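Just so we're clear, the structure is a prediction, and the values are computed from it rather than from any experiment.
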Amino acid sequence: MKKYQLNKGVIEGILGLCGDEGVFRKDFPGSLQIGFTELYGDNIFSIHSDISRYSFFTQAEFDICYAENYFIDESEEKMFKALKGLHDFDIYEMANDYGVDVEILGIMFSFLHEIGHAYEYLTMIHDGKSLNELSERTKPLYDEVDKLEKKGMDGSVLYRTITQERHADIFAITFMVNNIYKLIDIVQNNVEVVGLEEV
């Protein structure tokens, strides 16, 4: 598999496309900021989102950090297999259909999955729903995944059926299908092949 080096244009481009497509609502009764933060130079970065509803003194804040390199390892392979089984989403077939390396689509999916989390959590807060309740309800499932992995078993299917992970996966898949050409252009213009990884 190829190893790609990402630059911050990937985040700028994908977040910009999400904004253009109206993913993030503009009617929050407070402030909404979605952007990126450089951590240690141009190529290690995070997506940062926060919303403050001043009337209720409610705030949510989260960061998704990325290193500069992306390649497909065993955990990614397990994820792709789970996505095919659960959602009939074959990332290898899609890569072949559009004539791109599967890593290009993997980069897209990774970012869009995390943006899907941001979209869900910000919408929940806007609608007055509790993030803590969701977290407490699903924590036993995350713990069960950890137990399976520690036993050397594959917990990827269970992980991807957890409510917030399933929602983020569906968001990413849907956005990819609906915006595939624009996404390919964004990623291809902001990554560089830097080597091969044995998996």
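Hydrophobic clustering places Leu6 together with Val102 (ILVMFWY residues linked when any side-chain heavy atoms are closer than 4.5 Å, directly or through intermediates). Residues Leu15 and Ile184 are members of one and the same hydrophobic cluster, defined by side-chain heavy-atom contacts under 4.5 angstrom among Ile, Leu, Val, Met, Phe, Trp and Tyr. When the side chains of ILVMFWY residues are joined at heavy-atom separations under 4.5 Å, either directly or via intervening members, Leu86 and Val177 end up in two distinct hydrophobic clusters.
The side-chain heavy atoms of His167 and His117, taken from C-beta on, include no pair separated by under 4.5 Å. Between Phe71 and Glu76 there is no side-chain heavy-atom pair separated by less than 4.5 Å. Lys147 has its side chain out of reach of Met153: every pair of non-hydrogen atoms, C-beta onward, lies at least 4.5 Å apart. Residues Tyr70 and Glu103 are in side-chain contact: their nearest non-hydrogen atoms beyond the backbone lie under 4.5 Å apart. Counting heavy atoms from C-beta on, the side chains of Ile180 and Leu105 come closer than 4.5 Å. For the pair Leu134/Met124, a side-chain contact is recorded, criterion being any heavy-atom separation below 4.5 Å from C-beta on. Put simply, the side chain of Ile104 does not reach to within 4.5 Å of the side chain of Tyr98, judged on heavy atoms.
Partner Tyr4 forms a side chain to side chain donor-acceptor pair (under 3.5 Å) with one of Asn69, Asp101, Asn190 and no other, that one being Asp101. A side chain to side chain donor-acceptor pair (under 3.5 Å) with Tyr159 is found for one member of Arg166, Glu165, Glu149 and no other, namely Glu165.
Using a 4.0 Å cut-off between charged nitrogen and carboxylate oxygen, Asp143 and Lys139 count as a salt-bridge pair. For the pair Lys81 and Glu77, the salt-bridge criterion is not met [side-chain N within less than 4.0 Å of a carboxylate O].
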> Do Met176 and Met94 pass the side chain to side chain contact (heavy atoms under 4.5 Å, CB included) test, and can you show the C-alpha distance, the side-chain angles, and the key distance before you say yes or no?
Replying inline: CA-CA 10 Å; Met176 283 177 68; Met94 189 178 197; 4.2 Å; yes
> Are Ile186 and Tyr181 close enough, and set up right, to give a side chain to side chain contact (heavy atoms under 4.5 Å, CB included), and what steps lead you there?
Replying inline: CA-CA 9 Å; Ile186 289 166; Tyr181 291 110; over 6 Å; no
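In terms of the side-chain contact (heavy atoms from CB on, under 4.5 Å) criterion, residue partners of Asn179 (sequence neighbours excluded) are, by chain and number, Leu17, Glu21, Phe175, Leu183.
Side chains of His113 and Asp169: a donor on one and an acceptor on the other come within 3.5 Å. Counting only N and O atoms by type, the side chains of Ser156 and Asp154 include a donor and acceptor under 3.5 Å apart.
For Thr161 (side chain) and Leu158 (main-chain N/O), a donor-acceptor pair under 3.5 Å exists by modelled atom type. Side chain of Ser135 to main chain of Leu131: no donor-acceptor pair is present (N/O by atom type, distance under 3.5 Å, no hydrogens or angles). Asp73 places a side-chain N or O within 3.5 Å of a backbone atom of Ser75 that can act as its donor or acceptor partner.
You'll find the ring centres of Phe80 and Phe109 outside the 6.0 Å limit.
Counting heavy-atom neighbours within 6.0 Å of Lys78 NZ, excluding the residue itself, gives a total above 12. Enclosure of atom CG in Asp88 is not indicated, since only 12 or fewer non-hydrogen atoms of other residues, nucleotides or ligands lie within 6.0 angstrom.
Of all heavy-atom pairs spanning Gly106 and Ile91, the tightest one is N-CD1, 3.9 Å.
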